[in-house]
Amino acid sequence: MTQNFATLAEIPTCPRNAEGNPRVFVSASGAYVTDDTGKRWIDFDNTRGSVLLGHGDPEVAEAVGRAATGALGTATGWSPLLDTVTSRLLELCGGEVVGLFRTGTSAVRAAVLAVREAVGAPLVLSSGYHGYDPMWYPAKAPFEPNADGIVDFFFDLDVLAGLLRDHRERVSAVVVSPDHMHLSPRWYERARALLAEAAVPLIVDEVKVGLRYGPGLSTAGLLDADVWVTAKGVANGFPTAAVGGSRTLLKPLREVSYTSFFEPTVLAAAERTLARVATGEPQRTVRETGDLFVEHARSALAAASLPLEVAGNGTFFQFVPATREVKKAFYKATEEEGLLFYRNDNQAVSAAFGPDVLDDARARFSRVCDRLAPFAATGPVGEEARYQAAWSVMDGLREAERDARETREWVDRFLDD
């Protein structure tokens, strides 16, 4: 296959082969996907973490199939499915109102613009990845507003404190995409105190983490969100995102809709997925199975004296290679063994990872470590590698002790790259 340059997404976010072209997958079931050569992969990408229950989950598939026949409503207008989905989202995530969108990117944009309009101040302080949207492009100089009035503080709370102090009357909101691999509860405690003191609305963008950590927002008890956005894990890979929270702050969205708002197949997938999510069982399975794989990976890497670390836990984890050469060799070896990892980013198992899949994944990963034998004892993972890994997954700086000069140096270095 050659790259289709007639498509605007010339570099799509999807697994790619050695030639740089997208891998073509022809089927998927549970924890496995099969490519066009017949090779069967264990999926740790899971649509960038969106597939929580596993590919082709029978319960979701049955509901979507019924919806496709017209048995559960129509895209023409309102249906009981919509009431059920929105009610479940409010029960899980809280708030006074909720609205649906097709993508997390559009949902976050809508939430931020609504809050800015409701508050009436021009600046939004931001940290984290918020989607493919020019709205989030960096400013010409770090810690300055970009063309859309967004000021990125890159998860550095000293920078946030300074921005809140110097621009308080001009700040309409703070929007944060949480990360639980590179930030500790202490980070959230301090952020919470800063926001409470400044009395600035907080938008929690949980699109990336979705509902994978539990039956609700991952930041519940850590941050007091005025507005929340979620997407991954809401509909097991079907295109659904949601915005919820304060009726006053989200009032500008009261008439926002789109042609496929009532599309029954999407709502059916969301209804069935949310019913399972509400029990917490898929998330427990993901965490337990993921933890067992992470434990094996860490042990195998240590036994082979390989310069790689694993950040995070079974819900979301990330490989941290010491050098670019190690990273290149690692992903080449995992691809040869049929382990489909989300390159450079977060890895996410699904609830379909049963004992047999786990044993298969462990065996394949052990062979990966054997393939990497030439890199044994070549040096430890350093701070630069840890900062680089964090930046790759959260578009910001990992939690660490540093002064203002070091913060500026790290930001300048990664923005230049």
Side-chain angles (χ1 to χ4, degrees), residues 44-45 48-49 127-129 138 142-143 152-160 176-191 208-209 213 218 222 290-291 293-334 339 341-348 365 368-369 372 375-417:
F44 286 84
D45 182 308
R48 274 60 70 201
S127 270
Y129 173 74
F143 316 124
D152 203 324
F153 60 93
F154 301 104
F155 290 100
D156 190 289
L157 294 181
D158 290 332
V159 173
L160 174 61
V176 174
S177 178
D179 178 272
H180 303 292
M181 294 183 290
H182 304 286
L183 302 174
S184 74
R186 293 188 303 275
W187 186 95
Y188 292 98
E189 290 171 7
R190 187 182 172 203
K208 188 161 189 173
V209 298
Y213 281 88
S218 74
L222 295 174
D291 277 347
F293 177 80
V294 168
E295 179 184 3
H296 173 79
R298 286 176 174 146
S299 297
L301 291 168
S305 300
L306 294 173
L308 285 103
E309 295 178 348
V310 186
N313 59 38
T315 300
F316 262 151
F317 60 94
Q318 183 187 20
F319 295 105
V320 184
T323 66
R324 292 186 178 183
E325 291 74 22
V326 172
K327 177 172 69 175
K328 182 178 180 181
F330 172 72
Y331 284 112
K332 182 175 185 293
T334 59
L339 293 172
F341 288 126
Y342 185 8
R343 185 180 285 261
N344 304 326
D345 216 304
N346 50 244
Q347 314 303 332
F365 194 86
V368 166
C369 293
L372 296 177
F375 293 94
T378 56
V381 175
E383 283 299 285
E384 182 167 359
R386 296 188 183 105
Y387 269 105
Q388 180 65 67
W391 188 276
S392 295
V393 77
M394 62 194 279
D395 286 359
L397 302 179
R398 64 187 292 265
E399 182 181 2
E401 292 293 328
R402 56 178 176 268
D403 58 27
R405 177 188 59 81
E406 291 171 316
T407 292
R408 185 60 181 249
E409 288 177 350
W410 283 116
V411 170
D412 286 341
R413 181 181 310 183
F414 292 124
L415 287 178
D416 285 343
D417 287 343

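For this chain, numbers begin at 1 and follow the sequence in order.
A salt bridge does not link Glu409 with Arg402: none of the charged nitrogens is closer than 4.0 Å to a carboxylate oxygen. Salt bridge Arg408/Asp156: absent, no basic N to carboxylate O contact under 4.0 Å. Using a cutoff of 4.0 Å between basic side-chain nitrogens and carboxylate oxygens, Lys328 and Glu325 are not scored as salt-bridged. The existence of a salt bridge linking Lys208 and Asp395 is excluded, since no basic side-chain nitrogen approaches an acidic carboxylate oxygen closer than 4.0 Å.
The distance from the CZ atom of Phe44 to the CG atom of Asp345 is 15.0 Å, given to the nearest 0.5 Å. With values rounded to the nearest 0.5 angstrom, Trp410 atom CH2 is found 9.0 Å from Leu397 atom CG. Taking OH from Tyr213 and OG1 from Thr315, the interatomic distance works out to 5.5 Å, rounded to the nearest 0.5 Å. Note that OH of Tyr342 and CD of Gln347 are 9.5 Å apart. Values are rounded to the nearest 0.5 Å. Of the inter-residue distances, the one linking Glu406 atom CD with Glu401 atom CD reads 9.5 Å to the nearest 0.5 angstrom. Here the straight-line distance linking atom CD of Glu399 with atom CE of Met394 works out to 9.0 Å at 0.5 Å rounding.
Not counting sequence neighbours, the partners of Phe154 by the ring-ring contact (aromatic ring centres under 6.0 Å, His included) test are Phe143, Trp391. Judged as a ring-ring contact (aromatic ring centres under 6.0 Å, His included), and not counting sequence neighbours, His296 has no contacts. Every ring-ring contact (aromatic ring centres under 6.0 Å, His included) that Phe365 has, sequence neighbours left out, goes to Phe293, Phe319. In this structure Arg343 satisfies the side-chain contact (heavy atoms from CB on, under 4.5 Å) test together with Tyr331, Glu335, sequence neighbours excluded. Every residue meeting the side-chain contact (heavy atoms from CB on, under 4.5 Å) condition with Val326, not counting sequence neighbours, appears here in chain and number order: Pro307, Leu308, Pro321, Thr323, Phe375. Take Ser127 and apply the side-chain contact (heavy atoms from CB on, under 4.5 Å) test, not counting sequence neighbours, and it matches Asp152, Phe153, Phe155.
Across Asn344 and Lys327, no two heavy atoms sit closer than the pair OD1-CD, 3.1 Å. In terms of heavy-atom proximity, Ser392 sits nearest to Gln318 at CB-NE2, 4.3 Å. Across every non-hydrogen atom of Val320 and Ala385, the tightest pair is CG1-O, 3.7 Å. In plain terms, the two heavy atoms of Arg386 and Val381 that are nearest each other are NH2-O, 3.1 Å. Here the closest heavy-atom approach between residue Leu415 and residue Pro142 is recorded as CD1-CG, 3.8 Å. Considering all non-hydrogen atoms of both residues, Pro380 and Ala322 come closest at O-CB, 3.8 Å.
When side chains are defined from C-beta on, Asn313 does not count as touching Val294, because their heavy atoms never get closer than 4.5 Å.
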Given the rule in the salt bridge (Lys or Arg N to Asp or Glu O under 4.0 Å) test, do Glu189 and Arg186 qualify, once you have shown the distances and angles that lead to the verdict?
CA-CA 5 Å; Glu189 290 171 7; Arg186 293 188 303 275; over 6 Å; no
Kindly determine whether Thr407 and Asp158 satisfy side chain to side chain contact (heavy atoms under 4.5 Å, CB included), including the steps that lead there.
CA-CA 9 Å; Thr407 292; Asp158 290 332; over 6 Å; no
Stepwise side chain to side chain contact (heavy atoms under 4.5 Å, CB included) test for Tyr188 and His180:
CA-CA 10 Å; Tyr188 292 98; His180 303 292; 3.6 Å; yes
Chi angles and distances behind the side chain to side chain contact (heavy atoms under 4.5 Å, CB included) call for Cys369, Leu301
CA-CA 6 Å; Cys369 293; Leu301 291 168; 3.9 Å; yes
